[in-house]
Amino acid sequence: LTLGGTDFLRHHYQGLNVHYEPLPLNPHAKVFRRTGDTTKSPVFGLIGTLGDATINANIQELCTAFAHVSATSCIRINVVGGRALQESTRQSLIHTPSIDCHFISATAQSDYFAALAACDVVLFLSSPDSYSVSASSVIIDAVSLQLEVFSLPCRYAEEVAVQHPVRLFESVSSLATEVTRRAAASPLGINA
């Protein structure tokens with residue numbers, strides 16, 4: 001839990017003996033941590049509860065925002081373990097001209113961490129209600145591998161952002177704008 005989640009338990013369940021410890025480094029971090037390759041365009045990762053209706057709606061809105069980028073532009077998105085992704089969302093990712101989408105199976109934990117570590121930025125598109133108190137393992141895993149996270153507003157992301165590289169965006173469109181800017185700012189440009 002976050003510090004806020006711990007405080008919630010202390011306040012509402014006073015009989016519990018609750019102890020908070022800061023986020024530990026992922027034991028897999030040394031194996032999978034990247035040093036950052038600045039010679040290529042960034043890879044953005046979609047990881048998490050991808051079967052959730054709100055997340056699917058947000059991904060489709062992201063695709064719509066990217067559709068307005070020049071047809072010659074390319075934003076690399078890795079979808080990790082997206083078996084539960086809705087088919088219409090999968091098709092949007094595949095057919096949006098500005099998106100270079102790769103679907104990566106992650107059946108084993110080592111596959112998951114390797115795929116996560118191959119990303120530069122993790123996109124966390126959950127609704128605020130989905131993680132109101134409880135933690136998201138996706139954000140934990142991303143920051144423990146020293147990856148940046150772009151997140152829509154949610155209580156957990158807000159708390160993690162105090163000490164870790166989590167950037168909060170008020171809307172899908174503002175997040176899409178920053179993804180486009182970050183891709184365009186890479187040394188090879190957005191067309192890389």
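- Between P42 and R76 there is no side-chain heavy-atom pair separated by less than 4.5 Å.
- Minimum interatomic distance between A118 and V43 (heavy atoms only, all atoms of both residues): O-CB, 3.8 Å.
- Applying the side chain to side chain donor-acceptor pair (under 3.5 Å) criterion to N58, with sequence neighbours excluded, gives no partner residue.
- Contact detail for S151 and V166: the closest heavy-atom pair is CB-CG1, 4.2 Å.
- Every side chain to side chain donor-acceptor pair (under 3.5 Å) that S171 has, sequence neighbours left out, goes to S173, S174.
- Partners of F150 by ring pair (Phe, Tyr, Trp, His ring centres under 6.0 Å), not counting sequence neighbours, listed by chain and number: F169.
- Residues meeting the salt bridge (charged side-chain N to carboxylate O under 4.0 Å, His left out) test with E61, sequence neighbours left out: none.
- The minimum heavy-atom distance between I55 and S126, with the atom names listed, is CG1-CA, 3.8 Å.
- Taken together through direct or relayed side-chain contacts under 4.5 Å among Ile, Leu, Val, Met, Phe, Trp and Tyr, I104 and F113 form parts of separate hydrophobic clusters.
- L116 and A142 make their closest contact through CD2-N, 4.0 Å (heavy atoms, listed as atom of the first residue, atom of the second, distance).
- A donor-acceptor contact shorter than 3.5 Å is absent between the side chain of N78 and the backbone of G45.
- The salt bridge (charged side-chain N to carboxylate O under 4.0 Å, His left out) pairs that include a residue from residues 88-109 are E87-R90, where partners are two or more places apart or lie in different chains.
- S41 approaches D120 most closely through the heavy-atom pair O-OD2, 4.3 Å.
- Looking at S144, its side chain does come within 3.5 Å of a backbone N or O of D141 through a donor-acceptor pair.
- Residues satisfying the side chain to side chain donor-acceptor pair (under 3.5 Å) test with T89, not counting sequence neighbours, are N56, Q60.
- With hydrophobic clusters built from ILVMFWY side chains whose heavy atoms lie under 4.5 angstrom apart, V149 shares a cluster with L168.
- The closest side-chain heavy-atom distance from L85 to I59 is below 4.5 Å.
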Worksheet entry | Pair C63-I99, side-chain contact (heavy atoms from CB on, under 4.5 Å): steps then yes or no | CA-CA 8 Å; C63 290; I99 296 177; 3.8 Å; yes
